[in-house]
Amino acid sequence: MTETRPVVAIRGLVKAYGFMPVLRQLDLDVMHGECVALLGPNGSGKSTLLKLIAGLTKPTAGTIEVGGWQMPQEAHAVRAQLGMVSHQSLLYGNLTARENLRFFARLYNLPRQGRDARISDLLEQVGLTRRAESLVRTFSRGMQQRLSIARALLPQPHVLLFDEPYSGLDQDAAAMLDEILIQTHRDGQTMLISTHLLERAQHTASRVIILNRGRIALDTPADAIPPNQLAIQYAAATSDAQQASTNTNTESTSQTEQPA
Ligand SMILES: Nc1ncnc2c1ncn2[C@@H]1O[C@H](COP(=O)(O)OP(=O)(O)OP(=O)(O)O)[C@@H](O)[C@H]1O
């Protein structure tokens, strides 16, 4: 695969649950080495988009290509090129951090030679060298999140997907996660990150995409947005969703307020 070809190429992507459209005719190219922040209101389709790329759910229409492989026909090959970090850590609490990585290294069939060195490097990269021999059940949420990133990086995936990686993290843990994401991006890793945290998204990502009601409402290089302007652009890009949500709230409030 040449680097001028997108790592992720999405055309005419539609996803509906029953009659409810969640993603509507989405086109998206992600190039090698990009770090894309996916923003958008609740229900705008961020997680659904990541799940579709990861092959965890099937599109209603349209095509998804990852590293030149087609989804869902070549889902197995696509999954082998993806790392995903989501709400579930997928770690084993009764194993140490190092044992967890050894377990996944075997599962991913990593070559024996260099396996232990790679595990040590990754533990270092996510700041867990000193806790490498501790049981994971003794880890804070932030530490588990960092170990999940090491697990996802083990097979050197073409694309790393993060579904709301900051959820449940305190300020210090979130700042540490920022540093790891920025360094991982500097190392050349292609990443997509769904989040609600606008400032962190702009700080960490090279490109910002705002989804609104299943469509791309804004797609811009992160550094093209002046400091403190992302919130304004976000509000403009999602104003109809906010209006709809206000209407829904007003409707439901007035319904509850009116006597039957
Ligand atoms: N398995 C499912 N079955 C039915 N509806 C679903 C399913 N998964 C998601 N949805 C619906 O699809 C819409 C988009 O959900 P999705 O989780 O992709 O949004 P999101 O942008 O990630 O939202 P949030 O920021 O709240 O995580 C929502 O209305 C959600 O209720």
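For ligands, and for the atoms within them, numbers begin at 1 and follow the listed sequence. These numbers were taken from a predicted model, which means no experiment stands behind them.
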Taking atom types as modelled, is there a side-chain donor on [X] or [Y] under 3.5 Å from an acceptor on the other?
| X | Y | answer |
| --- | --- | --- |
| D187 | Q183 | yes |
| R131 | T96 | no |
| Q189 | T184 | no |
| R151 | N100 | no |

Legend entry - Heteroatom proximity flag, G45 to ligand 1, N/O under 3.5 Å: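 Yes, there is a polar N/O contact under 3.5 Å.
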Inset, instruction - Examine G40 against ligand 1 and note whether any of their N/O atoms are separated by less than 3.5 Å. - result: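 Between G40 and ligand 1 (N or O atoms, distance only) the closest approach is not under 3.5 Å.
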Inset, instruction - Answer yes when K51 and D163 have at least one side-chain N-carboxylate O distance shorter than 4.0 Å, and no when they do not. - result: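 Looking at D163 together with K51, the answer is no, because their closest N to O distance does not fall below 4.0 Å.
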Inset, instruction - State plainly whether the residues E65 and R5 are in salt-bridge range, i.e. N to O under 4.0 Å. - result: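 Yes.
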Legend entry - atom 3 (N) of ligand 1 protein-contacted, heavy-atom criterion under 4.0 angstrom: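 Under the 4.0 Å cut-off, atom 3 (N) of ligand 1 does have protein heavy-atom neighbours.
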Just to confirm my output: which protein heavy-atom neighbour is closest to [atom], and how far is it?
| atom | result |
| --- | --- |
| atom 31 (O) of ligand 1 | M20 CE, 4.5 Å |
| atom 10 (N) of ligand 1 | Y17 CE1, 3.4 Å |
| atom 12 (O) of ligand 1 | V22 CG2, 3.3 Å |
| atom 23 (O) of ligand 1 | G43 N, 2.8 Å |

Is [X] touching ligand 1 with its side chain, its backbone, both, or neither, if touching means heavy atoms under 4.0 Å apart?
| X | result |
| --- | --- |
| S194 | neither |
| K51 | neither |
| N42 | both |

Legend entry - Heavy-atom nearest option to atom 16 (P) of ligand 1, drawn from D163, N212, T48: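 When every heavy atom of D163, N212, T48 is considered, T48 comes closest to atom 16 (P) of ligand 1.
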Inset, instruction - State the atoms of ligand 1, each with its element, that fall below the 4.0 Å cut-off from a heavy-atom position in E164. - result: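 In order of numbering, the contacting atoms are 24 (P), 25 (O), 27 (O).
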Inset, instruction - Take every heavy atom of P41, measure it against each atom of ligand 1, and state whether any distance is under 4.0 Å. - result: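 Yes, that is the case, since the closest heavy atom of the residue is under 4.0 Å from the ligand.
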Inset, instruction - Identify which one of T63, D29, D27 satisfies the side chain to side chain donor-acceptor pair (under 3.5 Å) criterion when paired with R11. - result: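 Single pass found, and it is D29.
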